[in-house]
Visitor: 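Input: one structure, supplied below.
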Amino acid sequence: PHTRTTNTMSDNAKNLELVKEYMRISYSPTECKGEESVKHLVAPNSVMVAPTTFPDTKTVEQYAAHHKEVMESLDDLHIIKYDFECASDNKVALRYTATGSHNGKPWRGLSPTGKKAQWQAAALFELENGKIKKFIKDWDKLYMWTQLGWPVEQCIVKPEEVNKA
């Protein structure tokens with residue numbers, strides 16, 4: 001992949017390595033057990049931003065827990081490759097390609113379709129004292145949902161559903 005750096009290589013390389021370790025764990029059906037799996041990589045009071053798919057996810061640790069639920073439905077979900085990597089000062093940006101099949105548990109009431117999807121995603125990270133402080137994620141979820149045979153209206157989390165007990 002293309003890599004761009006502007007700070008000392010060692011600091012940038014360490015930040016990139018830390019973020020990719022977080023991604024590796026978060027995308028591993030065997031390593032990701034939820035929040036505890038990534039706690040050692042995350043700064044106190046972290047912030048997660050993924051409002052269109054994970055609107056009730058407020059911390060970087062919570063994302064790992066919610067992503068574990070996704071992996072229970074897409075039970076072979078994994079990152080194929082990193083298309084772009086950029087580390088500069090305390091920021092890391094990744095563009096990656098992922099794939100997964102809906103062969104696991106039902107997702108939001110949708111029975112397993114057996115269909116496979118491949119999509120691209122962007123992940124932007126801000127680090128503080130060598131830990132992930134902020135994570136902003138966006139991906140082509142409509143394309144993914146269509147490939148999986150998931151109706152969009154069942155996938156979108158409506159504002160009134162956020163934080164509903």
Side-chain angles (χ1 to χ4, degrees), residues 1-4 12 14-29 31-102 104 107-108 110 116-128 130-148 150 152 154-159 161-163:
H2 177 75
T3 303
R4 178 180 169 267
N12 290 332
K14 286 178 192 174
N15 290 343
L16 183 59
E17 184 178 309
L18 177 113
V19 163
K20 287 174 92 174
E21 180 181 355
Y22 174 87
M23 295 295 286
R24 179 183 53 76
I25 293 169
S26 294
Y27 275 78
S28 169
E31 288 186 75
C32 187
K33 306 295 183 202
E35 294 185 32
E36 287 301 315
S37 302
V38 296
K39 196 171 191 85
H40 65 289
L41 303 169
V42 179
N45 303 310
S46 68
V47 176
M48 176 68 197
V49 181
T52 60
T53 311
F54 298 106
D56 57 339
T57 302
K58 305 299 181 200
T59 71
V60 176
E61 296 100 332
Q62 286 175 344
Y63 172 77
H66 288 141
H67 202 258
K68 177 184 177 295
E69 294 172 9
V70 173
M71 289 188 304
E72 289 172 350
S73 296
L74 303 178
D75 59 358
D76 61 349
L77 177 62
H78 64 280
I79 295 172
I80 298 172
K81 65 178 179 169
Y82 288 99
D83 306 302
F84 179 82
E85 303 168 353
C86 178
S88 181
D89 299 321
N90 66 334
K91 296 184 175 53
V92 174
L94 301 173
R95 176 94 175 151
Y96 59 94
T97 302
T99 187
S101 305
H102 189 197
W107 175 251
R108 295 189 180 158
L110 298 168
K116 184 175 185 171
Q118 181 174 313
W119 62 93
Q120 292 186 318
L124 308 173
F125 294 88
E126 185 175 330
L127 288 83
E128 179 180 88
K131 305 274 185 172
I132 299 169
K133 180 68 175 175
K134 187 174 190 179
F135 176 11
I136 301 170
K137 180 177 177 170
D138 192 32
W139 73 100
D140 192 352
K141 56 198 137 293
L142 294 176
Y143 184 59
M144 178 187 91
W145 296 340
T146 301
Q147 291 175 78
L148 292 171
W150 295 357
V152 173
Q154 281 187 259
C155 295
I156 294 176
V157 177
K158 297 167 185 66
E161 295 173 352
V162 175
N163 295 322

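We use all heavy atoms of the structure for the numbers below, so side chains are in, but hydrogens, waters and symmetry mates are not. The chain is numbered in sequence order, starting from 1.
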Visitor: Please report the interatomic distance NZ(Lys91) to CG(Leu16), rounded to the nearest 0.5 Å.
Guide: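 Taking NZ in Lys91 and CG in Leu16, the distance rounds to 15.5 Å.
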
Visitor: Can you see whether Thr97 engages Asp83 through a side-chain donor-acceptor pair at a distance of less than 3.5 angstrom?
Guide: yes

Visitor: Going from CG on Leu124 to CG on Asp138, what distance comes out if it is rounded to the nearest 0.5 angstrom?
Guide: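 Result: 9.0 Å between the selected atoms.
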
Visitor: Tell me whether the rings of Tyr27 and His67 are parallel (<30°), tilted (30 to 60°) or perpendicular (>60°).
Guide: tilted

Visitor: Is Lys134 paired with Glu128 through a side-chain N to carboxylate O contact shorter than 4.0 Å?
Guide: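 Between Lys134 and Glu128 there is no salt bridge, as every charged N stays at least 4.0 Å from the carboxylate O atoms.
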
Visitor: Check whether any side-chain heavy atom of Leu77 sits under 4.5 Å from a side-chain heavy atom of Met71, and report yes or no.
Guide: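 Touching, per the 4.5 Å side-chain cut-off.
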
Visitor: Which atom pair, heavy atoms only, marks the closest approach of His102 to Trp107?
Guide: NE2-N, 3.8 Å

Visitor: Is there a donor-acceptor pair closer than 3.5 Å between any side-chain N or O of Asn90 and the backbone N or O of Leu127?
Guide: yes

Visitor: Could you go step by step and tell me if Lys20 and Glu85 meet the salt bridge (Lys or Arg N to Asp or Glu O under 4.0 Å) rule?
Guide: CA-CA 10 Å; Lys20 287 174 92 174; Glu85 303 168 353; 2.5 Å; yes

Visitor: CG/Leu41 to CZ/Arg24 distance, rounded to the nearest 0.5 angstrom?
Guide: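 Rounded to the nearest 0.5 Å, the CG-CZ separation comes out at 8.5 Å.
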
Visitor: Donor-acceptor pair, Lys133 side chain versus Gly130 backbone, under 3.5 Å?
Guide: no

Visitor: Within the distance-only criterion (no hydrogens, no angle test), does the side chain of Asn15 pair as donor or acceptor with the backbone N or O of Ser88 below 3.5 angstrom?
Guide: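 Flag not set: sc Asn15 to bb Ser88 has no pair under 3.5 Å.
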
Visitor: Closest approach of Pro29 and Lys33, non-hydrogen atoms and distance?
Guide: O-NZ, 4.3 Å

Visitor: Of all heavy-atom pairs between Glu35 and Ala65, which one has the smallest distance, and what is that distance?
Guide: CG-CB, 3.9 Å

Visitor: Between Ser46 and Glu61, does any side-chain donor sit less than 3.5 Å from a side-chain acceptor?
Guide: yes

Visitor: Please report the interatomic distance CE(Met48) to OH(Tyr63), rounded to the nearest 0.5 Å.
Guide: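 Rounded to the nearest 0.5 Å, the CE-OH separation comes to 5.5 Å.
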
Visitor: Would Lys81 pass as a cation-pi partner of Tyr96, given that its NZ or CZ must be under 6.0 Å from the six-membered ring centre and within 45 degrees of the axis?
Guide: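 Here Lys81 fails the 6.0 Å and 45° test against Tyr96.
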
Visitor: Please determine which of Leu94, Val38, Leu18 meets the side-chain contact (heavy atoms from CB on, under 4.5 Å) test together with Met23.
Guide: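 It is Leu94, the one option of Leu94, Val38, Leu18 that forms the side-chain contact (heavy atoms from CB on, under 4.5 Å) with Met23.
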
Visitor: Between Gln62 and Lys58, is there a donor-acceptor pair closer than 3.5 Å when you use the side chain of the first and the backbone of the second?
Guide: yes

Visitor: Please name the pair of heavy atoms, one in His78 and one in Asp76, separated by the smallest distance, quoted to 0.1 Å.
Guide: ND1-O, 2.7 Å

Visitor: To the nearest 0.5 angstrom, please state how far the OH atom of Tyr82 sits from the CZ atom of Arg95.
Guide: 13.5 Å

Visitor: Kindly give the heavy-atom pair with the smallest separation between Ile25 and Glu31, and that separation in Å.
Guide: CG1-OE1, 3.7 Å

Visitor: Do Met144 and Trp150 have side chains that get closer than 4.5 Å, going by heavy atoms?
Guide: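 SC-SC contact between Met144 and Trp150 confirmed.
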
Visitor: Hey, could you give me the CD1/CD distance between Ile132 and Glu21, rounded to the nearest 0.5 Å?
Guide: 9.0 Å

Visitor: Just checking, is any N or O donor in the side chain of His66 or Thr57 under 3.5 Å from an acceptor N or O on the other one?
Guide: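 There is such a pair (donor and acceptor under 3.5 Å, judged by atom type) between the side chains of His66 and Thr57.
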
Visitor: What's the verdict on side-chain contact (heavy atoms from CB on, under 4.5 Å) for Val42 and Thr59, showing C-alpha distance, side-chain angles and the deciding distance?
Guide: CA-CA 9 Å; Val42 179; Thr59 71; over 6 Å; no

Visitor: Check whether any side-chain N or O of Thr146 sits under 3.5 Å from a backbone N or O of Leu142 as a donor-acceptor pair, and report yes or no.
Guide: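 Yes.
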
Visitor: Tell me the closest heavy-atom pair linking Cys32 and Ala64, and the distance in Å.
Guide: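 Closest pair (atom of Cys32, atom of Ala64, distance): SG-O, 3.3 Å.
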
Visitor: Would you say the side-chain atoms of Tyr22 pair up with the backbone N or O of Val60, donor to acceptor, closer than 3.5 Å?
Guide: yes

Visitor: I'd like to know if the side chain of Thr99 reaches the main chain of Ala117, judged simply by a donor and an acceptor atom lying under 3.5 Å from each other, with no hydrogens or angles considered.
Guide: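 Side chain of Thr99 to backbone of Ala117: a pair is present.
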
Visitor: For the side chain of Gln147 and the backbone of Gln118, is there at least one donor-acceptor N/O pair under 3.5 Å apart?
Guide: yes

